[in-house]
Amino acid sequence: MDKEKTLITLNNFNKNTLMETLEIEFVDVGLDFVTAKMPVNSRVYQPYGILHGGATAALAETVGSCASALFVDTKTKIVKGIELSINHVKSVKEGFVFGIAKPIHKGRTTHLWEIKIVDEKENLISICKLTNIVLDKNS
């Protein structure tokens, strides 16, 4: 895997999407993980001035879905999230949060990911589980 080429490809998928609006950027990738970061500022706040759970969910689904896409032939297959669960354990007001997706199960038709959302000091902000389905593009 060419890490730099893979990161460029993943970040190019963000153009003209929610990911671009939220300024999500892929920053690291390996054989068993994908990491993206998102700034925490007023664009992603809820009314109390802290990171909105919906923005956290968008980061989690983005990093987990793109991780699945790395393991399938995207010429013939498409990946879609079918279930996302999140437990928020700490709030954050500023800086960056990082979503780190690691596989629990990579089957032919379903993938299950654990996604940890951490702050810049690696404090756990949220723990997420994402299930993706792998479908034929022509179906």
Side-chain angles (χ1 to χ4, degrees):
M1 170 188 299
D2 182 332
K3 182 176 171 175
E4 294 307 314
K5 185 177 178 181
T6 301
L7 289 172
I8 289 168
T9 300
L10 289 174
N11 284 312
N12 282 337
F13 285 133
N14 289 352
K15 299 215 184 306
N16 300 312
T17 67
L18 176 66
M19 289 79 76
E20 183 175 57
T21 301
L22 296 178
E23 299 179 36
I24 293 172
E25 177 187 358
F26 290 92
V27 294
D28 203 5
V29 63
L31 294 176
D32 70 341
F33 73 94
V34 176
T35 303
K37 73 177 184 176
M38 180 177 70
V40 179
N41 54 41
S42 62
R43 295 175 72 166
V44 295
Y45 282 170
Q46 48 103 303
Y48 296 117
I50 59 175
L51 177 62
H52 192 290
T56 305
L59 175 61
E61 185 147 354
T62 297
V63 74
S65 292
C66 286
S68 276
L70 291 176
F71 292 100
V72 300
D73 179 0
T74 55
K75 292 181 181 96
T76 60
K77 302 289 184 185
I78 188 168
V79 174
K80 294 182 179 182
I82 58 173
E83 182 177 12
L84 177 66
S85 65
I86 302 178
N87 292 99
H88 305 293
V89 296
K90 187 174 180 166
S91 61
V92 61
K93 293 182 178 192
E94 61 187 14
F96 287 89
V97 287
F98 298 83
I100 304 120
K102 293 189 175 185
I104 297 169
H105 169 77
K106 291 184 294 187
R108 240 179 352 98
T109 57
T110 60
H111 294 174
L112 179 60
W113 295 91
E114 176 188 75
I115 300 124
K116 290 184 178 176
I117 307 297
V118 299
D119 66 12
E120 293 167 295
K121 295 180 182 175
E122 297 188 14
N123 294 308
L124 183 64
I125 304 303
S126 300
I127 185 79
C128 315
K129 187 174 68 172
L130 173 66
T131 305
N132 291 324
I133 191 165
V134 180
L135 300 168
D136 291 330
K137 273 192 173 177
N138 59 3
S139 58

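- Side-chain contact between Val63 and Phe26 is present, with at least one heavy-atom pair separated by less than 4.5 Å.
- Counting heavy atoms from C-beta outward, Val44 and Pro39 have side chains that stay 4.5 Å or more apart.
- A donor-acceptor contact shorter than 3.5 Å is absent between the side chain of Asp136 and the backbone of Asn138.
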In a table with atom names and distances, give each donor-acceptor pair under 3.5 Å that connects a side chain of residues 95-115 to protein atoms at least two apart or in another chain.
residue : atom : partner : partner atom : Å
His105  : NE2  : Gly107  : N            : 3.4
His111  : ND1  : Ser68   : OG           : 2.8
His111  : NE2  : Gly107  : O            : 3.3
Trp113  : NE1  : Ser68   : OG           : 2.7

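- Within the 3.5 Å criterion, the main-chain N or O of Gly64 finds a donor-acceptor partner in the side chain of Asn132.
- More than 12 heavy atoms of other residues, nucleotides or ligands sit less than 6.0 Å from atom CD of Gln46.
- Ser126 and Leu124 get closest at one heavy-atom pair: O-CD1, 3.4 Å.
- One finds the CD1 atom of Ile125 at 7.5 Å from the OG atom of Ser91 (value rounded to the nearest 0.5 Å).
- In this structure the side chain of Val79 never reaches within 4.5 angstrom of the side chain of Phe71, judged on heavy atoms.
- Judged by distance alone, the side chain of Tyr45 and the main-chain N or O of Val40 form no donor-acceptor pair under 3.5 Å.
- Cluster annotation: Met19 is not connected to Ile8 through the hydrophobic network of ILVMFWY side chains, with a link wherever side-chain heavy atoms come within less than 4.5 Å.
- Of all heavy-atom pairs spanning Cys66 and Leu10, the tightest one is CB-CD2, 3.9 Å.
- Residues Met38 and Thr56 share a closest heavy-atom pair of CE-N, 4.4 Å.
- The side chain to side chain donor-acceptor pair (under 3.5 Å) analysis of residues 27-36, with sequence neighbours excluded, yields the pairs Lys3-Asp28.
- For the pair Glu61 (side chain) and Ala57 (backbone), a donor-acceptor distance under 3.5 Å is absent.
- Contact check for Leu51 versus Lys93: no side-chain heavy atoms found under the 4.5 Å cut-off.
- At a threshold of 4.0 Å, the pair Glu23-Arg43 counts as salt-bridged, since one of the basic side-chain nitrogens sits closer than that to a carboxylate oxygen.
- In this structure, Ile50 and Val92 have side chains that are not in contact, with every pair of non-hydrogen atoms separated by 4.5 Å or more.
- Leu84 and Cys128 get closest at one heavy-atom pair: CD1-CB, 4.4 Å.
- Of all the heavy atoms in Ile24 and Asn14, the pair that sits closest is O-ND2, 2.9 Å.
- When all heavy atoms of Leu59 and Ile117 are compared, the closest pair comes out as CD2-CD1, 3.9 Å.
- Put simply, the side chain of Asn123 never gets that close to the backbone of Asp119: no donor and acceptor are under 3.5 Å apart.
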